[in-house]
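Along the sequence shown, residues carry numbers from 1.
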Amino acid sequence: MKNPRLSMPLMSAIAALSLVMVAPAVTAPPASATQEAFYSYTGAAPLASFEPGTVLATRNLAYRISGIEAPVEVVQLLYRTTDAQYRPSVDVTSVLLPPVGGDPGKAVAYQSYYDSLNPEDSPSRSIAGQVSFGGTVFTSETGTIAALLAQGYTVIVADTEGQRADFAAGPEYGMTTLDSIRAATRSSATRLSAATRIGLAGYSGGALATNWAAALAPGYAPEINARLIGAAEGGVLVNPARNLGYVDGSVSWAGIAVMAIIGIGRSYDLDFTPYLSDYGRQLVADLDDASIGNVLFQYPGLTWRQLVKPEYADPNTVAPLTSVADRINLGTAPTPTIPMFIGQGANGELEGTPGDKLGIGPGDGVMVAGDVRALARQYCDTGNRAVEYRQYDTLAHGTAQADWTPQALAWLNDRFAGTAAPTSCGAIAPGNLLTTRL
(Lines give C-alpha, C1' and ligand atoms only; values in the text may rest on other atoms or scores of the structure.)
Protein backbone atom coordinates (compact mmCIF):
# COMPACT_ATOMS: atom_id res chain seq x y z
CA MET A 1 0.00 0.00 0.00
CA LYS A 2 1.61 3.22 -1.12
CA ASN A 3 1.39 6.11 1.33
CA PRO A 4 2.28 9.57 0.01
CA ARG A 5 3.02 10.86 3.50
CA LEU A 6 5.89 8.40 3.76
CA SER A 7 7.36 8.54 0.28
CA MET A 8 9.37 11.77 0.49
CA PRO A 9 10.86 11.22 3.99
CA LEU A 10 11.72 7.67 3.08
CA MET A 11 13.37 8.77 -0.16
CA SER A 12 15.34 11.41 1.76
CA ALA A 13 16.46 8.85 4.32
CA ILE A 14 17.56 6.39 1.68
CA ALA A 15 19.43 9.12 -0.17
CA ALA A 16 21.20 10.23 3.02
CA LEU A 17 22.35 6.70 3.77
CA SER A 18 22.94 5.45 0.24
CA LEU A 19 26.68 6.09 0.21
CA VAL A 20 27.02 4.17 3.44
CA MET A 21 24.90 1.26 2.27
CA VAL A 22 26.78 0.75 -1.00
CA ALA A 23 30.28 1.34 0.38
CA PRO A 24 32.60 -1.66 0.43
CA ALA A 25 32.17 -3.81 3.51
CA VAL A 26 34.81 -3.47 6.17
CA THR A 27 35.60 -5.63 9.13
CA ALA A 28 35.63 -3.77 12.41
CA PRO A 29 38.31 -4.67 14.93
CA PRO A 30 37.28 -6.84 17.86
CA ALA A 31 35.65 -4.97 20.71
CA SER A 32 38.18 -3.75 23.24
CA ALA A 33 37.96 -4.49 26.93
CA THR A 34 37.00 -0.85 27.48
CA GLN A 35 34.12 -1.13 25.02
CA GLU A 36 32.84 -4.35 26.57
CA ALA A 37 33.12 -2.90 30.07
CA PHE A 38 30.23 -0.59 29.17
CA TYR A 39 27.87 -3.58 29.20
CA SER A 40 28.42 -4.46 32.86
CA TYR A 41 27.58 -2.71 36.10
CA THR A 42 30.49 -2.60 38.55
CA GLY A 43 29.29 0.03 41.02
CA ALA A 44 29.45 -0.34 44.77
CA ALA A 45 25.71 -0.02 45.38
CA PRO A 46 23.70 -3.23 44.88
CA LEU A 47 21.93 -3.32 41.54
CA ALA A 48 18.68 -4.05 43.35
CA SER A 49 18.93 -0.69 45.08
CA PHE A 50 18.21 1.11 41.80
CA GLU A 51 14.74 1.50 40.34
CA PRO A 52 14.11 -0.11 36.94
CA GLY A 53 15.04 2.34 34.21
CA THR A 54 17.82 4.01 36.20
CA VAL A 55 20.67 5.14 33.93
CA LEU A 56 23.96 3.62 35.12
CA ALA A 57 26.33 4.76 32.35
CA THR A 58 26.20 6.90 29.20
CA ARG A 59 28.29 7.13 26.06
CA ASN A 60 27.94 9.09 22.81
CA LEU A 61 28.94 7.73 19.42
CA ALA A 62 28.06 7.81 15.74
CA TYR A 63 25.66 5.29 14.20
CA ARG A 64 27.44 2.61 12.20
CA ILE A 65 26.06 0.30 9.54
CA SER A 66 28.19 -2.81 9.02
CA GLY A 67 31.03 -0.92 10.68
CA ILE A 68 30.71 2.14 8.45
CA GLU A 69 29.90 5.46 10.09
CA ALA A 70 26.61 7.16 9.20
CA PRO A 71 25.55 10.76 9.95
CA VAL A 72 23.36 9.93 12.93
CA GLU A 73 24.18 10.80 16.55
CA VAL A 74 23.62 8.04 19.10
CA VAL A 75 23.39 8.08 22.89
CA GLN A 76 23.84 4.64 24.44
CA LEU A 77 22.66 4.01 27.97
CA LEU A 78 23.40 1.20 30.39
CA TYR A 79 20.32 0.90 32.58
CA ARG A 80 18.84 -1.23 35.32
CA THR A 81 16.07 -3.57 34.23
CA THR A 82 14.50 -6.95 35.11
CA ASP A 83 15.14 -10.39 33.61
CA ALA A 84 12.71 -13.22 32.86
CA GLN A 85 12.89 -14.45 36.45
CA TYR A 86 12.21 -10.95 37.80
CA ARG A 87 15.76 -10.47 39.04
CA PRO A 88 17.59 -7.13 38.76
CA SER A 89 19.73 -7.02 35.61
CA VAL A 90 21.34 -4.50 33.29
CA ASP A 91 20.78 -3.80 29.64
CA VAL A 92 21.84 -1.33 26.94
CA THR A 93 19.65 0.84 24.74
CA SER A 94 20.62 3.06 21.82
CA VAL A 95 18.84 6.37 21.41
CA LEU A 96 19.15 7.59 17.81
CA LEU A 97 18.73 11.33 17.38
CA PRO A 98 17.12 12.62 14.16
CA PRO A 99 19.67 14.57 12.07
CA VAL A 100 17.40 17.59 11.44
CA GLY A 101 13.98 18.80 12.47
CA GLY A 102 13.56 16.42 15.37
CA ASP A 103 10.78 16.84 17.91
CA PRO A 104 11.83 15.75 21.43
CA GLY A 105 8.15 15.50 22.26
CA LYS A 106 7.76 12.32 20.24
CA ALA A 107 9.79 9.13 19.96
CA VAL A 108 9.39 5.60 18.66
CA ALA A 109 10.69 2.62 20.60
CA TYR A 110 11.64 0.33 17.73
CA GLN A 111 12.15 -3.29 18.73
CA SER A 112 14.57 -5.17 16.47
CA TYR A 113 14.11 -8.72 15.21
CA TYR A 114 17.80 -9.51 15.67
CA ASP A 115 16.80 -12.91 17.15
CA SER A 116 20.06 -14.36 18.41
CA LEU A 117 21.51 -16.45 21.20
CA ASN A 118 24.73 -14.42 21.04
CA PRO A 119 24.96 -11.06 22.86
CA GLU A 120 27.54 -9.99 20.25
CA ASP A 121 24.70 -9.75 17.71
CA SER A 122 22.75 -7.16 19.72
CA PRO A 123 21.67 -3.87 18.11
CA SER A 124 23.79 -1.78 20.46
CA ARG A 125 26.96 -3.57 19.41
CA SER A 126 26.09 -3.31 15.72
CA ILE A 127 25.38 0.39 16.14
CA ALA A 128 28.70 0.83 17.96
CA GLY A 129 30.55 -0.64 14.98
CA GLN A 130 31.03 -4.31 15.80
CA VAL A 131 30.54 -6.57 12.80
CA SER A 132 29.16 -10.09 13.17
CA PHE A 133 27.18 -12.46 10.98
CA GLY A 134 24.19 -12.30 13.32
CA GLY A 135 24.46 -8.52 13.45
CA THR A 136 23.61 -8.29 9.77
CA VAL A 137 20.01 -9.04 10.74
CA PHE A 138 19.77 -5.69 12.51
CA THR A 139 21.51 -4.04 9.56
CA SER A 140 18.59 -5.18 7.37
CA GLU A 141 16.30 -2.95 9.45
CA THR A 142 18.16 0.22 8.47
CA GLY A 143 15.49 1.34 6.01
CA THR A 144 12.71 1.34 8.59
CA ILE A 145 14.86 3.14 11.15
CA ALA A 146 15.92 5.69 8.53
CA ALA A 147 12.28 6.39 7.67
CA LEU A 148 11.48 7.09 11.33
CA LEU A 149 14.50 9.38 11.76
CA ALA A 150 13.66 11.24 8.54
CA GLN A 151 10.21 12.03 9.93
CA GLY A 152 11.75 13.63 13.00
CA TYR A 153 11.26 10.80 15.50
CA THR A 154 13.89 10.01 18.07
CA VAL A 155 14.29 6.23 17.83
CA ILE A 156 14.93 4.07 20.91
CA VAL A 157 16.44 0.65 20.14
CA ALA A 158 16.91 -1.63 23.14
CA ASP A 159 18.81 -4.89 23.29
CA THR A 160 15.48 -6.52 24.03
CA GLU A 161 16.93 -9.94 24.87
CA GLY A 162 19.12 -8.51 27.62
CA GLN A 163 22.85 -9.06 27.96
CA ARG A 164 22.60 -12.87 28.11
CA ALA A 165 20.65 -13.06 24.84
CA ASP A 166 17.59 -14.64 26.46
CA PHE A 167 15.96 -15.59 23.17
CA ALA A 168 12.17 -16.18 23.21
CA ALA A 169 11.67 -14.94 26.80
CA GLY A 170 8.76 -12.64 25.96
CA PRO A 171 8.20 -11.08 29.40
CA GLU A 172 11.88 -10.11 29.61
CA TYR A 173 11.65 -8.53 26.15
CA GLY A 174 8.74 -6.44 27.39
CA MET A 175 10.43 -5.26 30.57
CA THR A 176 13.73 -4.39 28.87
CA THR A 177 11.73 -2.37 26.34
CA LEU A 178 9.78 -0.45 28.97
CA ASP A 179 12.87 0.22 31.07
CA SER A 180 14.76 1.41 27.98
CA ILE A 181 12.03 4.02 27.50
CA ARG A 182 12.32 5.01 31.15
CA ALA A 183 16.09 5.38 30.78
CA ALA A 184 15.86 7.29 27.50
CA THR A 185 13.37 9.81 28.87
CA ARG A 186 15.31 10.30 32.12
CA SER A 187 18.66 11.02 30.47
CA SER A 188 19.45 14.66 29.72
CA ALA A 189 21.73 13.52 26.88
CA THR A 190 18.82 12.28 24.76
CA ARG A 191 16.78 15.54 24.71
CA LEU A 192 13.72 13.49 25.67
CA SER A 193 11.73 14.05 28.84
CA ALA A 194 8.90 12.80 31.01
CA ALA A 195 6.53 14.60 28.63
CA THR A 196 7.69 12.75 25.50
CA ARG A 197 5.00 10.67 23.84
CA ILE A 198 6.10 7.21 22.72
CA GLY A 199 5.04 4.81 20.00
CA LEU A 200 5.99 1.12 19.98
CA ALA A 201 6.88 -0.74 16.79
CA GLY A 202 8.39 -4.07 15.82
CA TYR A 203 8.15 -7.00 13.46
CA SER A 204 8.69 -10.71 14.20
CA GLY A 205 11.01 -10.91 17.24
CA GLY A 206 10.51 -7.16 17.54
CA ALA A 207 6.75 -7.73 17.61
CA LEU A 208 7.21 -10.11 20.52
CA ALA A 209 8.93 -7.32 22.48
CA THR A 210 6.37 -4.76 21.34
CA ASN A 211 3.34 -6.80 22.38
CA TRP A 212 4.79 -7.85 25.73
CA ALA A 213 5.72 -4.23 26.45
CA ALA A 214 2.17 -3.11 25.64
CA ALA A 215 0.69 -5.88 27.79
CA LEU A 216 2.95 -5.34 30.80
CA ALA A 217 3.05 -1.54 30.75
CA PRO A 218 -0.09 -0.83 32.85
CA GLY A 219 1.25 -2.90 35.75
CA TYR A 220 5.03 -2.71 35.31
CA ALA A 221 5.46 0.87 34.06
CA PRO A 222 2.18 2.78 34.43
CA GLU A 223 3.90 6.15 33.98
CA ILE A 224 5.18 4.98 30.59
CA ASN A 225 1.84 3.44 29.65
CA ALA A 226 0.22 6.85 30.15
CA ARG A 227 2.46 8.27 27.40
CA LEU A 228 2.17 5.42 24.87
CA ILE A 229 0.23 6.47 21.78
CA GLY A 230 -0.02 2.93 20.42
CA ALA A 231 1.81 -0.20 19.31
CA ALA A 232 2.31 -1.40 15.73
CA GLU A 233 3.46 -4.98 15.28
CA GLY A 234 3.60 -7.66 12.62
CA GLY A 235 4.27 -11.40 12.62
CA VAL A 236 4.00 -11.84 16.38
CA LEU A 237 4.69 -15.01 18.38
CA VAL A 238 1.69 -15.66 20.63
CA ASN A 239 1.84 -19.22 21.94
CA PRO A 240 5.36 -20.71 21.67
CA ALA A 241 4.18 -24.23 22.54
CA ARG A 242 1.86 -24.30 19.53
CA ASN A 243 4.50 -22.76 17.28
CA LEU A 244 6.73 -25.75 17.99
CA GLY A 245 4.10 -27.90 16.32
CA TYR A 246 3.64 -25.46 13.44
CA VAL A 247 7.33 -25.28 12.40
CA ASP A 248 7.81 -29.02 12.93
CA GLY A 249 9.20 -30.38 9.65
CA SER A 250 9.31 -26.95 7.97
CA VAL A 251 11.74 -26.49 5.10
CA SER A 252 12.96 -23.11 6.34
CA TRP A 253 11.89 -22.60 9.95
CA ALA A 254 12.32 -25.99 11.66
CA GLY A 255 15.69 -25.10 13.21
CA ILE A 256 14.17 -22.30 15.27
CA ALA A 257 12.79 -24.98 17.63
CA VAL A 258 16.36 -25.66 18.76
CA MET A 259 16.93 -21.96 19.38
CA ALA A 260 13.75 -21.89 21.46
CA ILE A 261 14.91 -24.81 23.61
CA ILE A 262 18.23 -23.06 24.26
CA GLY A 263 16.70 -19.63 24.86
CA ILE A 264 13.93 -20.78 27.18
CA GLY A 265 16.35 -22.98 29.11
CA ARG A 266 18.80 -20.11 29.51
CA SER A 267 16.15 -17.56 30.46
CA TYR A 268 14.53 -19.68 33.17
CA ASP A 269 17.50 -21.84 34.25
CA LEU A 270 15.89 -25.02 32.95
CA ASP A 271 17.71 -28.18 31.95
CA PHE A 272 16.30 -29.89 28.85
CA THR A 273 19.20 -32.34 28.60
CA PRO A 274 17.43 -35.37 30.16
CA TYR A 275 14.69 -35.10 27.53
CA LEU A 276 16.87 -34.69 24.44
CA SER A 277 18.05 -37.37 22.05
CA ASP A 278 21.74 -37.65 21.19
CA TYR A 279 21.04 -35.64 18.05
CA GLY A 280 19.08 -33.06 20.01
CA ARG A 281 21.92 -32.60 22.51
CA GLN A 282 24.38 -32.18 19.66
CA LEU A 283 22.24 -29.50 18.00
CA VAL A 284 21.79 -27.65 21.28
CA ALA A 285 25.56 -27.63 21.77
CA ASP A 286 26.19 -26.53 18.17
CA LEU A 287 23.67 -23.66 18.25
CA ASP A 288 24.33 -22.31 21.75
CA ASP A 289 25.40 -18.93 20.35
CA ALA A 290 23.57 -19.04 17.00
CA SER A 291 21.59 -16.28 15.36
CA ILE A 292 18.46 -16.71 13.28
CA GLY A 293 20.71 -16.65 10.22
CA ASN A 294 22.39 -19.84 11.40
CA VAL A 295 19.16 -21.85 11.34
CA LEU A 296 17.02 -20.54 8.48
CA PHE A 297 16.92 -23.17 5.73
CA GLN A 298 19.75 -25.02 7.51
CA TYR A 299 17.64 -27.83 9.00
CA PRO A 300 14.93 -28.63 6.43
CA GLY A 301 12.44 -31.19 7.69
CA LEU A 302 13.77 -31.25 11.27
CA THR A 303 11.11 -32.57 13.66
CA TRP A 304 10.51 -32.48 17.39
CA ARG A 305 10.68 -36.29 17.48
CA GLN A 306 14.27 -36.11 16.21
CA LEU A 307 15.24 -33.73 19.02
CA VAL A 308 13.86 -35.70 21.96
CA LYS A 309 13.85 -39.22 23.32
CA PRO A 310 10.93 -41.36 22.10
CA GLU A 311 8.99 -41.07 25.35
CA TYR A 312 8.87 -37.26 24.96
CA ALA A 313 7.44 -37.14 21.45
CA ASP A 314 4.58 -35.05 22.87
CA PRO A 315 6.03 -31.66 23.90
CA ASN A 316 3.45 -31.51 26.67
CA THR A 317 5.31 -34.31 28.47
CA VAL A 318 8.50 -32.24 28.72
CA ALA A 319 8.27 -30.83 32.25
CA PRO A 320 10.64 -27.84 31.78
CA LEU A 321 8.60 -26.68 28.80
CA THR A 322 5.22 -27.02 30.47
CA SER A 323 6.53 -25.28 33.60
CA VAL A 324 6.99 -22.00 31.72
CA ALA A 325 4.53 -22.38 28.84
CA ASP A 326 1.88 -20.16 30.41
CA ARG A 327 4.41 -17.53 31.42
CA ILE A 328 5.58 -17.02 27.83
CA ASN A 329 2.13 -17.24 26.22
CA LEU A 330 0.75 -13.81 25.28
CA GLY A 331 -2.73 -15.23 25.60
CA THR A 332 -2.26 -15.33 29.37
CA ALA A 333 -0.80 -11.80 29.62
CA PRO A 334 -2.84 -8.70 30.48
CA THR A 335 -4.76 -6.87 27.75
CA PRO A 336 -2.96 -3.72 26.54
CA THR A 337 -4.81 -0.47 27.13
CA ILE A 338 -3.35 1.35 24.13
CA PRO A 339 -4.32 1.22 20.43
CA MET A 340 -2.86 -1.79 18.60
CA PHE A 341 -2.10 -2.36 14.91
CA ILE A 342 -1.45 -6.05 14.23
CA GLY A 343 -0.44 -7.48 10.85
CA GLN A 344 -0.06 -11.17 10.10
CA GLY A 345 0.86 -13.22 7.02
CA ALA A 346 -0.97 -16.48 6.32
CA ASN A 347 0.73 -18.15 3.36
CA GLY A 348 3.54 -20.00 5.08
CA GLU A 349 3.65 -22.57 2.30
CA LEU A 350 5.83 -20.05 0.44
CA GLU A 351 8.48 -20.62 3.13
CA GLY A 352 8.02 -24.37 3.32
CA THR A 353 5.65 -24.66 6.28
CA PRO A 354 2.36 -26.55 5.70
CA GLY A 355 -0.78 -24.83 6.91
CA ASP A 356 -3.01 -27.86 7.33
CA LYS A 357 -2.03 -29.15 10.78
CA LEU A 358 -4.99 -29.95 13.01
CA GLY A 359 -5.59 -27.35 15.71
CA ILE A 360 -2.97 -25.00 14.24
CA GLY A 361 -3.95 -24.05 10.70
CA PRO A 362 -2.23 -21.59 8.39
CA GLY A 363 0.46 -19.14 9.37
CA ASP A 364 3.24 -17.17 7.76
CA GLY A 365 5.81 -19.94 7.98
CA VAL A 366 6.78 -19.40 11.61
CA MET A 367 3.89 -17.55 13.29
CA VAL A 368 0.38 -19.01 13.55
CA ALA A 369 -2.30 -16.76 12.08
CA GLY A 370 -5.09 -18.40 14.10
CA ASP A 371 -3.26 -17.57 17.33
CA VAL A 372 -2.75 -13.94 16.32
CA ARG A 373 -6.41 -13.55 15.34
CA ALA A 374 -7.46 -15.08 18.65
CA LEU A 375 -5.23 -12.65 20.54
CA ALA A 376 -6.68 -9.65 18.68
CA ARG A 377 -10.22 -10.89 19.36
CA GLN A 378 -9.36 -11.45 23.02
CA TYR A 379 -8.20 -7.85 23.31
CA CYS A 380 -11.46 -6.65 21.76
CA ASP A 381 -13.51 -8.83 24.10
CA THR A 382 -11.64 -7.69 27.22
CA GLY A 383 -12.05 -3.96 26.80
CA ASN A 384 -9.61 -2.72 24.14
CA ARG A 385 -11.68 -1.81 21.11
CA ALA A 386 -8.84 0.17 19.46
CA VAL A 387 -7.42 -2.94 17.76
CA GLU A 388 -6.82 -3.04 14.01
CA TYR A 389 -5.97 -6.46 12.55
CA ARG A 390 -4.82 -7.06 8.98
CA GLN A 391 -4.15 -10.50 7.56
CA TYR A 392 -1.99 -10.89 4.47
CA ASP A 393 -3.43 -14.10 3.04
CA THR A 394 -1.06 -14.32 0.06
CA LEU A 395 2.15 -13.49 1.94
CA ALA A 396 4.62 -15.34 4.15
CA HIS A 397 6.68 -14.03 7.07
CA GLY A 398 9.40 -12.39 5.00
CA THR A 399 7.17 -10.94 2.32
CA ALA A 400 4.42 -9.74 4.66
CA GLN A 401 6.91 -7.38 6.27
CA ALA A 402 7.09 -5.35 3.06
CA ASP A 403 3.34 -4.66 3.23
CA TRP A 404 3.23 -4.22 7.00
CA THR A 405 6.05 -1.67 7.31
CA PRO A 406 4.55 1.33 5.43
CA GLN A 407 1.15 0.60 6.94
CA ALA A 408 2.61 0.53 10.44
CA LEU A 409 4.52 3.78 9.96
CA ALA A 410 1.41 5.52 8.60
CA TRP A 411 -0.63 4.14 11.51
CA LEU A 412 1.91 5.51 14.02
CA ASN A 413 1.89 8.91 12.30
CA ASP A 414 -1.89 9.04 12.67
CA ARG A 415 -1.71 8.19 16.37
CA PHE A 416 0.85 10.93 17.01
CA ALA A 417 -1.39 13.32 15.05
CA GLY A 418 -4.27 12.53 17.39
CA THR A 419 -6.43 10.75 14.83
CA ALA A 420 -8.81 8.25 16.41
CA ALA A 421 -7.53 4.68 16.08
CA PRO A 422 -9.50 2.47 13.68
CA THR A 423 -10.92 -0.82 14.89
CA SER A 424 -11.39 -4.28 13.44
CA CYS A 425 -13.30 -5.51 16.47
CA GLY A 426 -16.34 -7.45 15.31
CA ALA A 427 -14.75 -8.22 11.94
CA ILE A 428 -11.83 -10.49 12.91
CA ALA A 429 -12.32 -14.13 11.92
CA PRO A 430 -12.23 -16.71 14.75
CA GLY A 431 -8.85 -18.12 15.72
CA ASN A 432 -7.40 -20.89 17.84
CA LEU A 433 -7.84 -21.48 21.54
CA LEU A 434 -5.04 -19.62 23.31
CA THR A 435 -3.95 -22.62 25.37
CA THR A 436 -0.47 -24.05 25.74
CA ARG A 437 -1.38 -27.58 24.67
CA LEU A 438 -0.89 -28.55 21.03
Item to check | Donor-acceptor pair between Gln111 and Thr160 side chains, under 3.5 angstrom | outcome: no
Item to check | Thr142 side chain vs Thr139 backbone, donor-acceptor pair below 3.5 Å | outcome: yes
Item to check | Residue of the set Ser112, Ser94, Ser124 for which side chain to side chain donor-acceptor pair (under 3.5 Å) holds with Asp159 | outcome: Ser124
Checklist entry - When you measure from the side chain of Trp404 to the backbone N and O of Glu233, does any donor-acceptor pair fall under 3.5 Å? => result yes
Next on the checklist: Run the side chain to side chain contact (heavy atoms under 4.5 Å, CB included) test against Val55 and tell me which residues pass, sequence neighbours left out.
Outcome noted: Thr58, Leu77, Ala183, Ser187
Next on the checklist: Could you go through Thr154 and Leu96, starting from their C-alpha distance and side-chain angles, then the distance that decides it, and tell me whether this counts as side chain to side chain contact (heavy atoms under 4.5 Å, CB included)?
Outcome noted: CA-CA 6 Å; Thr154 298; Leu96 318 181; over 6 Å; no
Next on the checklist: Is a donor from one side chain sitting under 3.5 angstrom from an acceptor on the other, for Tyr153 and Asn413?
Outcome noted: yes
Item to check | Side-chain touch Phe167/Ile262, heavy atoms, less than 4.5 angstrom | outcome: no
Checklist outcome for this item: Residue pairs meeting salt bridge (Lys or Arg N to Asp or Glu O under 4.0 Å), one or both in residues 376-386, sequence neighbours left out, come to none
Item to check | Pairs where residues 167-183 contributes a residue and the test salt bridge (Lys or Arg N to Asp or Glu O under 4.0 Å) is met, not counting sequence neighbours | outcome: Asp179-Arg182, Arg182-Glu223
Next on the checklist: Filter on side-chain hydrogen bond (donor to acceptor under 3.5 Å, both in side chains), then keep only pairs touching residues 419-429, sequence neighbours left out; what's left?
Outcome noted: none
Checklist entry - Under 3.5 Å, side chain of Gln85 to main-chain N/O of Ser267, donor-acceptor pair present? => result yes
Show which side-chain atoms of residues 339-350 pair as donor or acceptor with protein atoms under 3.5 Å away, not counting sequence neighbours.
residue	atom	partner	partner atom	Å
Gln344	NE2	Asp364	OD2	3.1
Asn347	ND2	Thr394	O	3.2
Glu349	OE2	Gly355	N	3.1

Side-chain donor-acceptor pairs under 3.5 Å in residues 192-206, sequence neighbours left out?
residue	atom	partner	partner atom	Å
Ser193	OG	Ala195	N	3.1
Thr196	OG1	Pro104	O	2.7
Thr196	OG1	Ser193	N	3.0
Thr196	OG1	Ser193	O	3.2
Arg197	NH1	Phe416	O	3.0
Arg197	NH2	Phe416	O	3.2
Tyr203	OH	His397	O	2.6
Tyr203	OH	Gln401	N	3.4
Ser204	OG	His397	NE2	2.8

Checklist entry - Side chains of Ser323 and Tyr268: do they bring a donor and an acceptor to under 3.5 Å? => result no
Next on the checklist: Could you walk me through whether Thr210 and Tyr110 satisfy the side-chain hydrogen bond (donor to acceptor under 3.5 Å, both in side chains) test, starting with their C-alpha distance in whole Å, then the side-chain angles of each, then the deciding distance to 0.1 Å, before giving a yes or no?
Outcome noted: CA-CA 8 Å; Thr210 296; Tyr110 177 80; over 6 Å; no
Item to check | Minimum side-chain heavy-atom gap Trp212-Thr177 below 4.5 Å | outcome: no
Next on the checklist: Using the salt bridge (charged side-chain N to carboxylate O under 4.0 Å, His left out) criterion, which residues pair with Arg64? Sequence neighbours excluded.
Outcome noted: Glu69
Checklist outcome for this item: On a heavy-atom basis, the closest approach of Tyr379 and Val387 is CB-CG2, 3.9 Å
Checklist entry - Among side-chain atoms of Tyr220 and Thr82, is any donor-acceptor pair under 3.5 angstrom? => result yes
Item to check | Evaluation steps, side-chain hydrogen bond (donor to acceptor under 3.5 Å, both in side chains), between Asp371 and Asn432 | outcome: CA-CA 5 Å; Asp371 286 3; Asn432 300 325; 2.9 Å; yes
Item to check | Residue pair Tyr246 / Asn239, side-chain donor-acceptor N/O under 3.5 Å | outcome: no
Item to check | Tyr41 and Phe50 aromatic centres sub-6.0 Å | outcome: yes
Item to check | Sub-4.5 Å side-chain heavy-atom contact between Phe133 and Asn294 | outcome: yes
Checklist entry - Yes or no on side-chain hydrogen bond (donor to acceptor under 3.5 Å, both in side chains) for Thr337 and Asn225, after CA distance, side-chain angles and deciding distance? => result CA-CA 8 Å; Thr337 60; Asn225 190 66; 3.0 Å; yes
Checklist outcome for this item: So the side-chain hydrogen bond (donor to acceptor under 3.5 Å, both in side chains) pairs with at least one residue in residues 42-57 (sequence neighbours excluded) are none
Next on the checklist: So that I can tick it off, tell me whether Asp269 and Arg87 are bridged by a salt bridge, with the cut-off set at under 4.0 angstrom between side-chain N and carboxylate O.
Outcome noted: yes
Next on the checklist: Between Val157 and Phe138, is there a side-chain heavy-atom distance shorter than 4.5 Å?
Outcome noted: yes
Checklist entry - Closest approach of Asp83 and Ser89, non-hydrogen atoms and distance? => result N-OG, 3.5 Å
Checklist entry - Just by modelled atom types, is the Ala420 backbone N or O under 3.5 Å from a matching donor or acceptor in the Arg415 side chain? => result yes
Check: residues 324-332 side-chain donor-acceptor pairs under 3.5 Å, at least two apart:
residue	atom	partner	partner atom	Å
Asn329	OD1	Gly331	N	2.8
Thr332	OG1	Asp326	O	2.6
Thr332	OG1	Asn329	O	2.8

Checklist entry - Of all heavy-atom pairs between Ala376 and Ile428, which one has the smallest distance, and what is that distance? => result CB-CD1, 3.8 Å
Checklist outcome for this item: Residue set satisfying salt bridge (charged side-chain N to carboxylate O under 4.0 Å, His left out) with Glu388, at least two apart, ordered chain then number -> Arg390
Item to check | Residue list, side chain to side chain contact (heavy atoms under 4.5 Å, CB included) with Asp121, at least two apart or on another chain | outcome: Ser116, Asn118, Ser132, Ser291
Checklist entry - Can you find a heavy atom in the side chain of Tyr299 that is under 4.5 Å from one in the side chain of Leu287? => result yes
Item to check | Asp288: partners by salt bridge (charged side-chain N to carboxylate O under 4.0 Å, His left out), with sequence neighbours left out | outcome: Arg266
Checklist entry - Can you check whether Lys357 reaches Arg242 side chain to side chain, under 4.5 Å on heavy atoms? => result no
Item to check | Close side-chain approach of Tyr392 to Thr399, heavy-atom, < 4.5 Å | outcome: no
Item to check | Residue pair Leu434 / Val238, side-chain heavy-atom distance below 4.5 Å | outcome: yes
